[in-house]
Amino acid sequence: MKLWKQAILAGAALLVAVGAASAQDVKIGFVVKQPEEPWFQDEWKFAQEAAKEKGFTLVEIGAEDGEKVQAAIDNLGAQGAQGFIICTPDVKLGPGIVAKAMANDLKLMTVDDRLVDNAGNPIEDVPHMGISATKIGETVGQAIVDEVKKRGWDMASVGAIKVSYDQLPTAVDRVAGATSVLEANGFPAANIFNAPQAKTDTEVALNAATTVINAHPEIQHWVAVGLNDEAVLGAVRATESVGIPAANVVGVGIGGAESAINEFKKPSETGFFGTVIISPKRHGYETALNMYEWIANDAEPEKLILTSGQLATRGDYEQVRKDLGIE
Ligand code: GLA
C-alpha cells in the first residue's frame, strides 16, 4: 500500500477511536426534585434511552431540597461529569445553581421548572424545556367545561377546587389557564376556591382540598384543577372521603403518567375524569440528547423549548399514549 493511503487509513481509524472514546467519557447528571413521582421516573427512563443510544453515562439523582441540589452538583463535578439537567425543588435556587454549575465546570440545562433570578424573572441564559403551561391549563379548563355541559349541571352552582402552588410559575400559569376558561364559560369566579398546597404531592393536596370542601357543604357538584395529576387526584380523594359521589365530580389533571393511568384502570369511573398527557419522552430523552450534543459536538441547545399536551380520558388514554410514543 502506498504510504499516503496508509496515512489516511490510520488517520480515519484514529478519528473513529476518538469519537468512540468521547461518547464513553461523557457523563451527564439528571437531577429531579421528586424522584418518587411517576412523571420524573418516566423522564429518567427516557433519558436512559438516549444514554444507551449514544453510549454516554446518565447519572440519576433525586434532590428534594437546596442542600441536596448543592451536594448533587458537587458530586457530579467530582465524578467528572460534563453537564447536567435539573428540575429543581425550588426555582429561586436559580442563581446558586448557575454559580455551582460554573464552579464545577458543568454545562447546565433545566427541565419542567425554569430557574428564576433574585428578582423573580426567568434566567433566560440557561436552556430550558418546559410545557406550554397556559395553553395546557386552558385545555384542562375546556375539558371541564365540556363535561359539565354534557352532564347538564347548572354552571352557577358548581364549585371549583383550585389546588395551587404559587411559588412555582408554571403551576400558576397552568391553573390560571384552566380557571380563565371556566370563567369565560360562565363559571362564577366566586365559586373558584383556592386550596394552596405546601408540597406538590397527593396527600398534601388531599388535605388542602378537604378544607375547601368542608367549608362549602352547600355545593353539590365539584370540579378540580391543579399543577399536575397528583394535585387533582388529591382533590378527587378529598371528595370521596366526604362521601360525594364520583358522578358529581370532574377533575382533570396534567401529566398522564402512572398515577393517572392507574385511575383509568379502576373498574368504575372515579371523579378523575381526564388528564392532559404531556411527554416525558421529550422532556427526558430530548433534554439528555441535547446535553450530549452540547458536550460532544459543541451544539448548544435552543434556549427555550415548550412542549404541548393532549387530553385523554378513560376511553382513549391508551391511544393517546401510543400517538405520543410513550407506552
Ligand atoms: C412540574 C410538576 C411535575 C410535572 C412537570 C412537567 O415540575 O411538578 O409534576 O408536571 O412540571 O413539566
Side-chain angles (χ1 to χ4, degrees), residues 30-47 61-65 69 85-94 97 109-116 122 126-140 162-178 196-205 208 224-235 251-263 272 274-288 290 304-312 324 326:
F30 204 114
V31 185
V32 304
K33 63 178 178 178
Q34 259 170 298
E36 79 288 355
E37 193 183 301
W39 166 260
F40 295 109
Q41 288 171 16
D42 282 351
E43 274 185 347
W44 273 345
K45 181 181 93 185
F46 287 113
I61 305 177
E64 295 91 340
D65 58 41
V69 168
I85 298 138
I86 185 168
C87 176
T88 174
D90 179 354
V91 291
K92 290 194 208 73
L93 295 171
I97 291 174
M109 274 179 73
T110 53
V111 69
D112 301 318
D113 301 349
R114 200 176 188 193
L115 304 178
V116 299
V126 176
H128 174 72
M129 182 185 283
I131 69 168
S132 312
T134 306
K135 240 181 120 202
I136 285 172
E138 288 167 357
T139 305
V140 168
K162 182 180 98 177
V163 181
S164 63
Y165 188 68
D166 286 350
Q167 58 264 56
L168 182 59
T170 185
V172 175
D173 294 346
R174 294 176 198 188
V175 294
Q197 52 177 178
K199 204 181 156 224
T200 58
D201 64 21
T202 298
E203 195 186 335
V204 176
V225 301
L227 157 74
N228 54 16
D229 289 331
E230 284 71 18
V232 173
L233 278 168
V252 176
I254 295 172
E258 202 188 3
S259 355
I261 303 309
N262 286 345
E263 201 65 16
F272 190 83
T275 181
V276 178
I277 300 192
I278 51 180
S279 177
K281 180 163 188 186
R282 294 205 59 194
H283 287 228
Y285 177 89
E286 223 173 281
T287 51
N290 288 350
L304 182 63
I305 301 171
L306 296 178
T307 60
S308 58
Q310 207 176 316
L311 178 69
L324 294 170
I326 53 172

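Counting convention: from 1, in listed order, for ligands and their atoms alike.
Taking each of Leu168, Ile254, Asp113 in turn, the one with a heavy atom nearest to atom 7 (O) of ligand 1 proves to be Asp113.
To the nearest 0.5 Å, atoms CG (Leu168) and CG (Leu227) are separated by 6.0 Å. Residue Ser308 holds its OG atom at 7.0 Å from CZ of Arg282, rounded to the nearest 0.5 Å. Put simply, CH2 on Trp39 and CD1 on Ile254 are 10.5 Å apart, with the number rounded to the nearest 0.5 Å. Separation of atoms CD1 (Ile86) and CG (Leu93) is listed at 8.0 Å; rounding is to 0.5 Å. Rounded to the nearest 0.5 Å, atoms CZ (Arg114) and CG (Leu306) are 8.0 Å apart.
An N or O contact shorter than 3.5 Å is missing between Thr170 and ligand 1 by distance. On a distance-only criterion, Glu37 and ligand 1 share at least one N/O pair closer than 3.5 Å. Considering backbone and side-chain N/O atoms, Gln34 never comes within less than 3.5 Å of an N/O atom of ligand 1.
Within ligand 1, the atoms closer than 4.0 Å to a non-hydrogen atom of Ile131 are 12 (O), numbered from 1 in the order shown. In summary, the atoms of ligand 1 found under 4.0 Å from a heavy atom of Phe40, numbered by their order in the structure, are 3 (C), 7 (O).
Ser132 places a side-chain N or O within donor-acceptor distance of the main-chain N or O of Thr307, the cut-off being under 3.5 Å. Without hydrogens or angle criteria, Gln41 side chain to Pro35 main chain gives a donor-acceptor distance under 3.5 Å.
The part of Ile278 lying near ligand 1 is the side chain, judged by heavy-atom distances below 4.0 Å. Contact annotation for Arg174 and ligand 1: only side-chain heavy atoms (C-beta onward) come within less than 4.0 Å of the ligand. Within the 4.0 Å heavy-atom criterion, both parts of Asp112, backbone and side chain, lie near ligand 1. Only the side chain of Lys33 comes within 4.0 Å of ligand 1, judged by heavy-atom distances.
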